[in-house]
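Quick notes on the structure that follows.
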Protein chains: 2
Amino acid sequence: MANIQEVARKAGVSVATVSRVLNNNSNVTEKTRLKVKQVINELSYEPSRLGRNLRNSESRLLLVLIPNISNPFYSEIINGIEETAVKQDYNILLCETNSDSERESIYINLIKNRMADGIILMDPTVNKKKLHELSETYSIVQCSEYDKEGNIPFVSINNELAAYHAVRYLIKIGNKKIALINSDEKFLYARERKRGYEKALHEFGITGYSDLIYHTDAVSFEDGQLAMRCLLDKKEKPTAVFAVSDILAIGALKEINASGLKVPSDISIVGFDKIAFSNMTYPTLTTISQPMYKMGCASANMLINKIKGKQVENITFDHELVIREST
Amino acid sequence: MANIQEVARKAGVSVATVSRVLNNNSNVTEKTRLKVKQVINELSYEPSRLGRNLRNSESRLLLVLIPNISNPFYSEIINGIEETAVKQDYNILLCETNSDSERESIYINLIKNRMADGIILMDPTVNKKKLHELSETYSIVQCSEYDKEGNIPFVSINNELAAYHAVRYLIKIGNKKIALINSDEKFLYARERKRGYEKALHEFGITGYSDLIYHTDAVSFEDGQLAMRCLLDKKEKPTAVFAVSDILAIGALKEINASGLKVPSDISIVGFDKIAFSNMTYPTLTTISQPMYKMGCASANMLINKIKGKQVENITFDHELVIREST
DNA sequence: GTGAAAGCGCTAACAT
DNA sequence: ATGTTAGCGCTTTCAC
């Protein structure tokens, strides 16, 4: 494995000149450049990023912290992040936290150790105070989840409004007993969507729904099923369900089908995210679409700008109610 | 941002001693160790991995090359890889190739540039000759996809046998006109599963099925739908379908439902992978389960061992036919 | 236009 | 048990 010294020696130039050729620095005569390039080829020389990184005090790595890679919502975002990062010669260090704070600290150490130049955070469980301290020293952006108080830049949607739209629609098509399948309220989106849900109900004078709110432990199909089973056991069954994630909605849908009830005639259901699966269920799922891919691109760009020391602005993307067969 | 020098100076010791404390080297008196640790705390010193990596000529990064992160099959594998890697103080550099060879070369350069210590390859599109050359110099293992000729270690299942089991089962429950929805035959698994399919049909004296084999462009729900639409247009409709991926099977299922036919009474369907979603469809999908998570763990361990210079053995995991409602 | 040399932060061989 | 020092591979400043 040749290094820059050998190339320099063999080409009869100094390492500085080789470095100049490597970095397309203009101050090299065409003749020298050619000679150096030839030797590079002969030796199959590949510059070491370890050396370059140390010298430049950068890793060109972006730390991506997600709760759970198995949720297609996150995979789509990652798609966008990666595409954008690679274009700008960054790579992503993918880290799944499972919302485990110990795991999180391991990963967050990567930035303290200079192994990452910045963090795209999609998990809310980080200790808030620590996070804000951290963001004073390091480049951090949040995606989807964010903190209203701090000044960590973020990319997200208006979760409250989106939930409000979903529930208002359920009311308008004739539902009064509308259940909410929510995830853990440690997530900002969970709190916001609940607020949107409550706002819609309140606006239409619907009360006494507290019994119809269910909080899941995690976001899995099974949690959705469990939630729905529980809701179906109530003496006052809901006529509609709003789930804060397609994953939960799909689990709920399954459970309704299994119980012999029909969607949407007996129970309507609305999900959230518009993951690809949501169009493959029976019946297909009405849902709120979020521009996951674009959110990924935007957060990567935002982070890279932040790393470069530029000022960045929060971005709130539009959502859309996609009406399909489940309502 | 303090460095090792400052810590040494402030603690009144040499950098070597600080390094010893950092690396839990035993040759340090308790008193010195305590003093150094105290200064480390005072300065909030965090050792730079950039320096350490250069010095040790390692990146402690594992390059994970996958065709497509949106396929839950791969996310599950990644789960296993990450879990295993982190335990051994490695991190993963996730790279999605989209089976694009240009993209692939960008990523593969990462190992040449010492930015990765090894590669877990799940994509078959790499130029074979180049790959074998590469594997002579660098640590590479393959997961799921592999090369029968070369000697790149791999983790996989017996794809031919698994497909054979699936199709034999379809025959035994009374099907003769069995369609195959296959993906691109650039994938080894696609060729192997086709072989298993053919073997089963041949064994039971079933012929004239070539019209019932469909190759998709990619592995998406839409491709599955497209394939099924095409198969349903044949004058001799199949009574059963074997799809080489749950994703394709789910798309096909959707299309059958949409056409008014019933699964399994009109058409039976078997998928492959046992992704979580395969249990959420209507009806639930009979499928071949692969131990994705374990495959991920095994390939990470294998790669790390290879990096350490150990001898490694190929691993072929067991599959299982999981009979559910679609057959 | 090119070269010499310093130095990024760390580890480890060697010396004491 | 601890210190001195070389050097991992690169970029960049300063001379010429």
Side-chain angles (χ1 to χ4, degrees), chain A residues 1-40 43-61 89 109-117 137, chain B residues 1-40 43-61 89 109-117 137:
Chain A
M1 223 125 46
N3 62 18
I4 200 171
Q5 314 261 9
E6 293 176 51
V7 175
R9 200 181 323 129
K10 195 157 178 193
V13 298
S14 72
V15 292
T17 299
V18 178
S19 176
R20 288 188 188 103
V21 172
L22 251 27
N23 294 289
N24 293 313
N25 189 311
S26 53
N27 290 335
V28 185
T29 32
E30 199 50 28
K31 198 181 147 199
T32 317
R33 179 185 306 279
L34 247 47
K35 177 65 191 162
V36 172
K37 288 213 163 176
Q38 187 196 327
V39 174
I40 287 178
L43 298 179
S44 314
Y45 166 70
E46 298 278 349
S48 159
R49 286 222 193 174
L50 297 176
R52 176 181 297 181
N53 286 347
L54 175 59
R55 171 63 220 223
N56 293 346
S57 297
E58 64 173 7
S59 63
R60 298 211 75 84
L61 258 25
D89 204 25
N109 265 327
L110 290 171
I111 200 174
K112 295 190 183 164
N113 296 330
R114 273 69 117 211
M115 267 299 272
D117 295 343
T137 316
Chain B
M1 222 124 48
N3 62 17
I4 200 170
Q5 314 261 11
E6 293 176 51
V7 176
R9 198 180 324 128
K10 196 156 179 194
V13 298
S14 70
V15 290
T17 299
V18 178
S19 177
R20 287 188 189 103
V21 172
L22 250 27
N23 295 288
N24 292 314
N25 188 310
S26 53
N27 291 334
V28 186
T29 33
E30 199 50 29
K31 196 181 151 202
T32 317
R33 179 185 308 278
L34 247 47
K35 176 66 190 161
V36 171
K37 288 212 163 177
Q38 187 196 327
V39 174
I40 287 177
L43 298 179
S44 313
Y45 165 72
E46 297 278 349
S48 159
R49 285 223 193 175
L50 297 175
R52 176 181 297 182
N53 286 347
L54 175 61
R55 171 65 219 218
N56 293 347
S57 298
E58 64 173 7
S59 63
R60 298 211 74 86
L61 259 26
D89 204 24
N109 265 326
L110 290 171
I111 198 173
K112 296 189 183 164
N113 295 331
R114 273 68 118 212
M115 267 300 272
D117 295 344
T137 316

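Numbers restart at 1 for each chain; the letters A, B, ... are given by sequence-line order, proteins then strands. Note that the structure is predicted; figures quoted are calculated from it, not measured.
- One atom, NZ of Lys35(A), and another, P of dG1(C), lie 20 Å apart when rounded to the nearest Å.
- In this structure, Val36(B) and Lys31(B) have side chains that are not in contact, with every pair of non-hydrogen atoms separated by 4.5 Å or more.
- Looking at residues two or more places apart in sequence or on another chain, you find no salt bridge (charged side-chain N to carboxylate O under 4.0 Å, His left out) involving Arg20(A).
- The residue Leu54(A) sits close to a base: some heavy atom pair falls under 4.0 Å.
- Taking only side-chain nitrogens and oxygens, Asn56(A) never comes nearer than 4.0 Å to OP1 or OP2 of dC10(D).
- To the nearest angstrom, P of dG9(D) lies 16 Å from CE of Met115(B).
- Under 4.0 angstrom from either OP1 or OP2 of dT11(C) there lies at least one side-chain N or O belonging to Arg52(B).
- At a threshold of 4.5 Å between non-hydrogen side-chain atoms, the residues Arg114(A) and Ser57(A) do not count as touching.
- Distance Ile4(B) CD1 to dG3(D) P: 12 Å, rounded to the nearest Å.
- Side-chain proximity of Ser14(A) to dC8(C), dA4(C), dT11(D): nearest is dA4(C).
- If you check dG3(D), dT11(C), dT11(D) against the side chain of Asn23(A), the one that comes closest is dT11(D).
- Note on Asn27(A): a base of the nucleic acid sits closer than 4.0 angstrom, heavy atoms only.
- The nearest whole Å value for the distance from the CG atom in Asn25(B) to the P atom in dA1(D) is 10 Å.
- The residue Arg49(A) sits apart from the nucleic acid: no heavy atom pair falls under 4.0 Å.
- Mapped onto DNA chain D by nearest heavy atom, Gly12(B) and Ala2(A) fall at different nucleotides, with Gly12(B) at the one closer to the 5' end.
- Residue contacts for Ser19(A): at a heavy-atom cut-off of 4.0 Å it reaches a base atom on one of the strands shown.
- At least one donor-acceptor pair under 3.5 Å links the side chain of Asp117(A) to the backbone N or O of Arg60(A).
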For Leu61(B) and Met115(A), run side chain to side chain contact (heavy atoms under 4.5 Å, CB included): C-alpha distance rounded to whole Å, both residues' side-chain angles, the deciding distance at 0.1 Å, then the answer. CA-CA 10 Å; Leu61(B) 259 26; Met115(A) 267 299 272; 3.5 Å; yes

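- At the heavy-atom level, Val15(B) lies under 4.0 Å from base atoms of the strands shown.
- At a cut-off of 3.5 angstrom, the base of dG3(D) holds at least one donor-acceptor pair with the side chain of Arg20(B).
- Salt bridge annotation for Glu6(A)-Arg9(A): absent, with no cationic side-chain nitrogen under 4.0 angstrom from a carboxylate oxygen.
- Distances shown here put every side-chain N or O of Thr32(A) at or beyond 4.0 Å from the OP1 or OP2 atom of dG1(C).
- As a whole-Å value, the separation of Ile40(B) CD1 from dG9(C) C1' is 14 Å.
- Atom CD in Gln5(A) sits about 8 Å away from atom P in dC10(D), given to the nearest Å.
- Nearest to the side chain of Ala16(A), among dT11(C), dA5(C), dT2(D), sits dA5(C).
- Between Thr29(B) and Asn3(A), the one whose closest nucleotide on DNA chain D sits nearer the 5' end is Thr29(B).
- Going from atom CG of Asp117(B) over to atom P of dC8(D) covers 18 Å, rounded to whole Å.
- Minimum atom distance to the side chain of Thr17(B) is reached by dT2(D), of the listed dT2(D), dC10(D), dA12(C).
- The CZ-C1' distance, from Arg114(A) to dC10(C), rounds to 11 Å in whole Å.
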